[in-house]
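What follows is a structure written as C-alpha cells; I'll ask about it next.
Just so you know, these numbers use all the heavy atoms, side chains as well, and skip hydrogens, waters and symmetry mates. All residue numbers refer to positions in the sequence shown, counting from 1.
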Amino acid sequence: MRGDLLLLAVAVIWGSSYLAAKTLVVAGGVLVVLALRYLVSMVAMLPLMTVRRPARAEVATGLLLGCTQAAVLALETYGVSLTSATNAGVLISLTILLTPLLQGGLPPRFFLAAAVATGGVVLLVAGPGLRTPSAGDALMLAAAVVRAAHVTLSGRLSRPSYDTVTLTTLQTVVGAVVFTVAAGPSLLPAAAGFSGDEWLGVLYLALGCSVFAFVVQLWAVRRTSAARASLLLGTEPVWAVLIGVSLGGEHLTVLAAAGIALVLAGTFWGQRVERVHRTGPERDGAPVPDRSTVTSSAGLG
C-alpha cells in the first residue's frame with residue numbers, strides 16, 4: 001500500500017513538472033532553467049556514486065544515454081514553453097505507445113489502440129477547424145519520439161551488472177555540462193536575477209521531479225506488481241491536465257477534452273495489450289523483477 005501511494009505521488013509530481021517548467025522558462029529562458037536544474041540534480045546525485053566504482057563500459061553507456069536524455073529534455077522544455085502544460089503532459093504520454101512500436105512484434109489490437117490515441121492527438125492539437133499544430137505541440141511530439149528511442153536504447157545498452165543509480169547520475173552530469181555550456185555567459189546573471197519563488201521552482205524540478213521521484217520510483221516499483229506500477233505511473237498525464245487547468249488557469253475546449261480522453265484511453269489500452277503480449281497475464285501483487293518492465297513518460301525528468 002505504501003509503495004502504491006509513493007508511485008502515485010511520483011505521477012503527481014511528474015504531472016506538475018510541465019506547469020512548473022513553463023512558469024520558470026518565462027523568467028530565465030529554456031537553457032538557463034535546464035542548466036540550473038541539471039546542476040542541482042548533479043550535486044544531489046554525485047554522492048550516490050561514492051559507494052561503487054563504475055566500469056568503463058558502464059561509464060560509456062551512461063554518457064551516451066546522457067546525450068539522448070539531454071535531447072529529450074531540450075525538446076520537452078522548448079515544447080512546453082510554446083504550448084500549454086495540459087497539451088505537453090498529454091502528448092509526451094505517447095512515449096508509452098511509441099516505445100513498444102520501436103521494439104516491434106506487436107499484435108493487431110495494439111495498432112488499433114495506437115489509432116485511437118492518434119485520433120485523440122489530432123483533436124487535441126488541431127482544435128476547431130483542424131488547424132495546423134502549434135510549434136510547441138510539434139516539439140512535444142518530437143520529444144515523445146526521441147524519448148521512446150532513449151528508453152529503447154537504454155534497454156539495449158544496459159547490462160544486468162550496470163547500476164541504475166550510477167547510469168542516472170552519469171546522465172545528469174552530461175546534462176549539466178551540455179546545458180551549462182549552452183547557456184553560456186547568460187547563466188550567472190539570469191540565476192542571480194531569480195526570485196526566491198523561482199529558485200523554489202528550480203529546486204522542485206531538480207530535487208522533486210528528478211532526484212526524489214527517481215529514488216522513490218526505484219524503491220517502490222520493486223514492491224508492487226508491474227500492472228499496478230504501470231497503472232499508477234500512467235496517471236501522470238491526468239495530473240498534468242488537472243494541474244494545468246486548476247492551477248495554471250488553462251482552458252479546455254470540448255474537442256480538446258475529447259482528444260485528451262482518446263489519447264489516455266488509447267495509451268492505457270495499448271499499454272495493457274503490450275504488457276500481456278510480452279509477459280502474459282500477471283497476478284496483482286506479484287513482484288517486479290526489473291524496473292525496466294515499467295514504462296512511464298517520466299515527466300520533465
Any pair with a residue in residues 138-177 that passes ring-ring contact (aromatic ring centres under 6.0 Å, His included), sequence neighbours left out, goes on the list, sorted by first then second residue, please. none
For T77, enumerate each residue passing the side chain to side chain donor-acceptor pair (under 3.5 Å) test, keeping only those at least two apart in sequence or located in another chain. none
Solution key, residues 238-246 side-chain donor-acceptor pairs under 3.5 Å, sequence neighbours excluded:
residue, atom, partner, partner atom, Å
W239, NE1, T235, OG1, 3.2
S246, OG, L242, O, 2.6

What residues, two or more places apart in sequence or in another chain, satisfy side chain to side chain contact (heavy atoms under 4.5 Å, CB included) together with L187? V32, A35, L36, L39, T180, A183
Return the minimal non-hydrogen interatomic distance between G105 and H277, and the atom names on each side.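 In terms of heavy atoms, the two residues are closest at O-NE2, 2.7 Å.
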Do T83 side-chain atoms and G79 backbone N/O form a donor-acceptor pair below 3.5 Å? no
Under the side chain to side chain contact (heavy atoms under 4.5 Å, CB included) rule, collect the residues that match up with A142, sequence neighbours excluded. L75
Atom CG of L24 and atom OG of S17: how far apart are they, to the nearest 0.5 Å? 11.0 Å
Using modelled atom types only, decide if a donor and an acceptor are shared between the side chain of Q171 and the backbone of L167 within a distance under 3.5 Å. yes
Apart from L157 itself, which Ile, Leu, Val, Met, Phe, Trp or Tyr residues share its cluster (side-chain heavy atoms under 4.5 Å, direct or through members)? L64, L65, L153
Output for pair (S210 OG, M42 CE), nearest 0.5 Å, gives 13.0 Å
Any idea which heavy atoms bring T168 and M45 closest together, and the distance? CG2-CE, 3.8 Å
So, using side chain to side chain donor-acceptor pair (under 3.5 Å) as the criterion, who are the partners of S16 when residues are at least two apart? Y204
Identify the two heavy atoms, one from A114 and one from L97, that lie closest to each other, and give their separation to 0.1 Å. CA-CD1, 4.0 Å
With sequence neighbours excluded, give me every ring-ring contact (aromatic ring centres under 6.0 Å, His included) pair touching residues 24-47. Y38-F179
Using the ring-ring contact (aromatic ring centres under 6.0 Å, His included) rule, collect all pairs that involve residues 52-107, keeping only residues at least two apart or in two chains. none
Could you list the residues that satisfy side chain to side chain contact (heavy atoms under 4.5 Å, CB included) with A85, not counting sequence neighbours? Y18, L19, E250
May I ask you to test the L73-Q69 pair for a side-chain heavy-atom distance under 4.5 Å?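 Counting from C-beta outward, L73 and Q69 do come under 4.5 Å.
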Minimum side-chain heavy-atom gap L46-V173 below 4.5 Å: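 Side chain of L46 against side chain of V173, heavy atoms only: contact under 4.5 Å found.
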Nearest heavy-atom contact between V25 and S81 is CG2-CB, 3.6 Å
For D163, side chain to side chain donor-acceptor pair (under 3.5 Å) partners two or more places apart: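 T166.
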Tell me, please, which residues at least two apart from T172 pass side chain to side chain donor-acceptor pair (under 3.5 Å). none
